[in-house]
A.B. asks: 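Dropping a structure here in structure tokens format, bear with me for questions.
Remember, it's a predicted structure, so these values are computed and weren't measured experimentally.
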Amino acid sequence: MKLKGAEIMCESLLRQGVDVMFGYPGGAILPFYDALWSYPQLRHILVRHEQAAAHAADGYARVTGRPGVCVATSGPGATNLITGIMGAKADSVPMVAITGQVARTAMGTEAFQECDICSIAAPCTKRTYLVMSAADLAPTIQEAFQVALEGRPGPVLIDVPRDVQLEEVEAVFPELEEITVPTPTAEVLERVQQAARLINEAERPVIISGHGIMASGASEPLLALAETTGIPVITTLLGLGGFPGNHPLSLGMLGMHGMYWANLAVHQADLIIGLGMRFDDRVTGKASTFAPHARIIHLDIEATQVGRNVPVEVPLVGDAKTLLEALVPLVRHAHRPQWIGYIDQLKRDHPSLAIPPSDILQTQHVMTSLNELIQENPESVVVTGVGLHQMWAAQFLSFNRPNCFVSSGGLGAMGFELPAALGAQAGRPDATVWTIAGDGGFQMTLQELATVTESKLPVKIALFNNGYLGMVRQWQELFFDNHLKDVPIPGPNYVDLAGSFGVPAMRVTDREEVLPALRRAQAHDGPFLIEFVVDPNTNLYPMVPPGGSLADTMEDPLIKNGG
């Protein structure tokens, strides 16, 4: 059967189980878009900027576990994908980006909209492919999806010249290969036994659970490990939901804006069990002072991450689910009343979730009410931008299921919230998807309100308007002598703006209005925006100061110890 290259691309995507993609057409990718006419099974969502296509693919991947697909033309279309692609690389999210390229005869001539996107994208991806023959498209696409998923997941880019998309060849599709998890070697299993011995000997252990727990589907063995050993579980930002937030052993998030008690527990621990996380700087604070009394077990699927930032006594390289299932039978049942009692006392003495008294609406008030809705509707998905609102969401919202919290962690890309939410909604059409946005990040990608409306994606938008780049303002206030430089960020009338895109909206300024507004948005059959006008001067605590250790965690000066 002879097919054009563009048709082979469509057939290959269908064989990979793709049902939706996010993109923006242009000259070098037009043959592919023309072929989509014959493939209605491939839903294409037209974004308003290519960066949004990559963020949407990211959001889709995180809630489904399948690679998100984004599409762009050559030149600026391809380069506009890079921020979202790098975000997926930093957060280990499977993604396949497809870009058009100028015709083979024009390559290297500085033709219109030509750029070497493979070289540009190489540091931001697991692999890039420049496909120079239509006959290579089917095997390349199959390999790209496999690479995106296997090992540490991440993004892959496929660049296809325009004439390759038009080239007609005999179509041969390779058989699909199932991705299998390698069986642990004898050496790895010996280290699992060593880890079990350390766990059984420890008096003050803590587990730090990261995004890798969800990537490997390891939430159940993690729960079994914690309940068997009585070890409290702390999560990274992207690990939220991998362990039930309402579990008695859950201590919430640690790190720069983590819970005071979580940070102090890590500082006092005699054993750290790091699972599917990287010990990055936002988690450790000053690395040389991290967990000074602890021996460290570190499990990660990528060998280069183990021992990279902190010294590790027991390195475990492999799939988290497989290795935890091997570990759980080796550990002893234990209760740790003294250790848990110490942590409970920290919680009483240092109430990290106390809200300072104020007559002005606080973001924390809104998060508390939104958490009510999430507990009533546990299938809800929350997608955040980056900044103060992101951290307050991580602190105040409790996620009891995996893959219900989506945020830009490693790259910290402002503008992530709305496009990633529309991608998550496309991936989980039956779920209520909330996007929590700051007024700064929202102004970067607010054009995607048009995408939400046109594509009938009922995303609920909680927009926090404090008139500032709030996180930057706090840093300037605390660490730059209150030199507030270019952090006020006036915006449009957000209610009118949303209405102009066909999105119903309302403004909330009083605490009593918060929960009714949230319920109204949730009940609305379609997208809905609530602008919460919040205190512009509220700072985010707890906070580890720059260059500080977890033991230096700062508390809100407006809240006395003990509440």
A.B. asks: Please find the pair of heavy atoms, one from Pro542 and one from Thr553, that lie closest to each other, and give the distance.
C.D. replies: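 It is CB-CG2, 3.5 Å.
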
A.B. asks: Is a donor on one side and an acceptor on the other found under 3.5 Å between the side chain of Asn465 and the backbone of Gly467?
C.D. replies: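 Checking the backbone N and O of Gly467 against the side chain of Asn465, a donor-acceptor pair under 3.5 Å is found.
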
A.B. asks: Could you list the donor-acceptor pairs under 3.5 angstrom formed by side chains in residues 449-456, with sequence neighbours left out?
C.D. replies:
unit_1	atom_1	unit_2	atom_2	d
Thr451	OG1	Leu46	O	3.4
Thr451	OG1	Glu448	OE1	2.6
Thr453	OG1	Leu449	O	3.0
Thr453	OG1	Phe501	O	2.9
Glu454	OE1	Arg48	NH1	3.0
Glu454	OE1	Arg48	NH2	3.2
Ser455	OG	Thr451	O	3.1

A.B. asks: Tell me whether Ser380 contacts the main-chain N or O of Asn377 through its side chain, where contact means a donor paired with an acceptor under 3.5 Å.
C.D. replies: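 Yes, the answer is positive, given that a donor and an acceptor are paired below the 3.5 Å cut-off.
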
A.B. asks: Around Arg511, counting heavy atoms of other residues, nucleotides and ligands shown, do more than 12 lie under 6.0 Å from its CZ?
C.D. replies: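 No, because the 6.0 Å sphere around CZ of Arg511 holds 12 heavy atoms or fewer from other groups.
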
A.B. asks: Step by step, work out the side-chain hydrogen bond (donor to acceptor under 3.5 Å, both in side chains) result for Asp439 and Gln443.
C.D. replies: CA-CA 6 Å; Asp439 50 337; Gln443 289 187 59; 5.2 Å; no

A.B. asks: Does Met471 offer a backbone N or O that forms a donor-acceptor pair with the side chain of Gln476 under 3.5 Å?
C.D. replies: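 It does not hold such a pair.
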
A.B. asks: When you compare the side chain of Ile559 with that of His350, does any pair of heavy atoms fall below 4.5 Å?
C.D. replies: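 No, too far: nothing below the 4.5 Å cut-off.
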
A.B. asks: Calculate, to the nearest 0.5 Å, the distance between atoms OG1 and CG belonging to Thr83 and Asp58 respectively.
C.D. replies: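 If I round to the nearest 0.5 Å, the distance is 12.0 Å.
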
A.B. asks: Heavy-atom count around Asn482 CG within 6.0 Å, excluding the residue itself: above 12?
C.D. replies: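 Yes - once you tally the heavy atoms of other residues, nucleotides and ligands closer than 6.0 Å, there are more than 12.
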
A.B. asks: Could you tell me whether the side chain of Asp159 and the main chain of Cys118 form a donor-acceptor pair under 3.5 Å?
C.D. replies: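 Side chain of Asp159 to backbone of Cys118, a donor-acceptor pair under 3.5 Å: no, none is there.
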
A.B. asks: Is the count of non-hydrogen atoms from other residues, nucleotides or ligands lying under 6.0 Å from Lys89 atom NZ greater than 12?
C.D. replies: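 It does: Lys89 NZ has more than 12 such atoms within range.
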
A.B. asks: Let me see the working for Ile117 and Thr79 under side-chain contact (heavy atoms from CB on, under 4.5 Å), right down to the final yes or no.
C.D. replies: CA-CA 7 Å; Ile117 191 60; Thr79 58; 4.3 Å; yes

A.B. asks: Distance alone, cut at 3.5 Å: any donor-acceptor contact between the side chains of Thr235 and Ser209?
C.D. replies: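 On atom types as modelled, these side chains do not qualify, holding no pair under 3.5 Å.
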
A.B. asks: Please tell me whether Thr432 and Gln522 have a donor and an acceptor in their side chains that are separated by less than 3.5 angstrom.
C.D. replies: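 No - no donor-acceptor pair under 3.5 Å links their side chains.
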
A.B. asks: With a 4.0 Å cut-off, would you call Glu150 and Lys126 a salt bridge?
C.D. replies: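 Not counted as a salt bridge, because no side-chain N and carboxylate O are separated by less than 4.0 Å.
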
A.B. asks: Anything under 3.5 Å between a donor and an acceptor, one on a side chain of residues 412-420, the other on a protein residue two or more places apart or in another chain? List them.
C.D. replies:
unit_1	atom_1	unit_2	atom_2	d
Glu417	OE1	Gly415	N	3.1

A.B. asks: What's the shortest heavy-atom distance between Ala72 and Leu81, and which atoms?
C.D. replies: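 Heavy-atom minimum between the residues: CB-CD1, 3.7 Å.
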
A.B. asks: In Å and rounded to the nearest 0.5 Å, what is the OG1 to CE distance from Thr384 to Met391?
C.D. replies: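 Answer for the OG1-CE pair, Thr384 versus Met391, is 7.0 Å.
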
A.B. asks: Could you go step by step and tell me if Asp19 and Gln41 meet the side-chain hydrogen bond (donor to acceptor under 3.5 Å, both in side chains) rule?
C.D. replies: CA-CA 6 Å; Asp19 57 356; Gln41 314 96 306; over 6 Å; no

A.B. asks: Is the shortest heavy-atom distance from the side chain of Thr125 to the side chain of Ile85 under 4.5 Å?
C.D. replies: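 Yes; the side chains approach each other to less than 4.5 Å.
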
A.B. asks: Give a yes or no on whether Phe479 atom CZ has more than 12 heavy-atom contacts from other residues, nucleotides or ligands under 6.0 Å away.
C.D. replies: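 More than 12 heavy atoms, drawn from other residues, nucleotides or ligands, come within 6.0 Å of this atom.
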
A.B. asks: Any side-chain heavy-atom pair from Leu388 and Gln474 closer than 4.5 angstrom?
C.D. replies: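 Yes, at least one pair of side-chain atoms sits under 4.5 Å.
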
A.B. asks: Can any side-chain N or O of Asp556 pair as donor or acceptor with the backbone N or O of Leu558 at less than 3.5 Å?
C.D. replies: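 Yes; judged by distance alone, with no hydrogens or angles, the pair exists.
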
A.B. asks: Short question: side chain of Ser250, backbone of Asn246 - any donor-acceptor pair under 3.5 Å?
C.D. replies: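 No; zero donor-acceptor contacts below 3.5 Å.
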
A.B. asks: Where the side chain of Asn400 meets the backbone of Gly245, is there a donor-acceptor pair that is under 3.5 Å apart?
C.D. replies: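 Yes; at least one donor-acceptor contact below 3.5 Å.
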
A.B. asks: Set out, in order, the CA-CA distance, both residues' side-chain angles and the distance that settles side-chain hydrogen bond (donor to acceptor under 3.5 Å, both in side chains) for Ser407 and Gln390, then state yes or no.
C.D. replies: CA-CA 8 Å; Ser407 194; Gln390 175 192 32; 2.8 Å; yes

A.B. asks: Check step by step if salt bridge (Lys or Arg N to Asp or Glu O under 4.0 Å) holds for Arg519 and Glu376.
C.D. replies: CA-CA 11 Å; Arg519 292 196 184 281; Glu376 295 170 4; 2.9 Å; yes

A.B. asks: Enter the distance from Arg278:CZ to Thr236:OG1 here, rounded to the nearest 0.5 Å.
C.D. replies: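 If we round to the nearest 0.5 Å, Arg278:CZ and Thr236:OG1 are 9.0 Å apart.
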
A.B. asks: To the nearest 0.5 angstrom, please state how far the CG atom of Leu222 sits from the CD1 atom of Ile213.
C.D. replies: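 Rounded to the nearest 0.5 Å, the CG-CD1 separation comes to 5.0 Å.
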
A.B. asks: Classify the side-chain pair Tyr60/Arg428 by whether it contains a donor and acceptor separated by less than 3.5 Å.
C.D. replies: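 Their side chains do not contain a donor-acceptor pair, so the 3.5 Å distance test is not met.
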
A.B. asks: Can you list every ring pair (Phe, Tyr, Trp, His ring centres under 6.0 Å) pair that touches residues 18-41, not counting sequence neighbours?
C.D. replies: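 Qualifying pairs: Tyr33-His44.
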
A.B. asks: Quick one: which of Ile234, Leu251, Leu353 gives a side-chain contact (heavy atoms from CB on, under 4.5 Å) with Met259?
C.D. replies: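 Answer to the side-chain contact (heavy atoms from CB on, under 4.5 Å) test with Met259 among Ile234, Leu251, Leu353: Leu353.
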
A.B. asks: Under 3.5 Å, is there a donor-acceptor pair between the Asp535 and Gln362 side chains?
C.D. replies: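 Looking only at side-chain atoms, Gln362 and Asp535 do form a donor-acceptor pair, the distance falling under 3.5 Å.
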
A.B. asks: For the backbone of Leu518 and the side chain of Lys460, can you confirm whether one donor and one acceptor N or O come within less than 3.5 Å of each other?
C.D. replies: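 Between the backbone of Leu518 and the side chain of Lys460 there is no qualifying donor-acceptor contact (under 3.5 Å).
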
A.B. asks: May I ask you to decide if Glu513's main-chain N or O and Asp510's side chain share a donor-acceptor pair within less than 3.5 Å?
C.D. replies: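 The answer is no, because no donor-acceptor pair under 3.5 Å joins these two groups.
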
A.B. asks: If we ignore hydrogens and angles and just use 3.5 Å, is the side chain of Arg473 paired with the main-chain N or O of Leu484 as donor and acceptor?
C.D. replies: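 Answer holds: no.
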
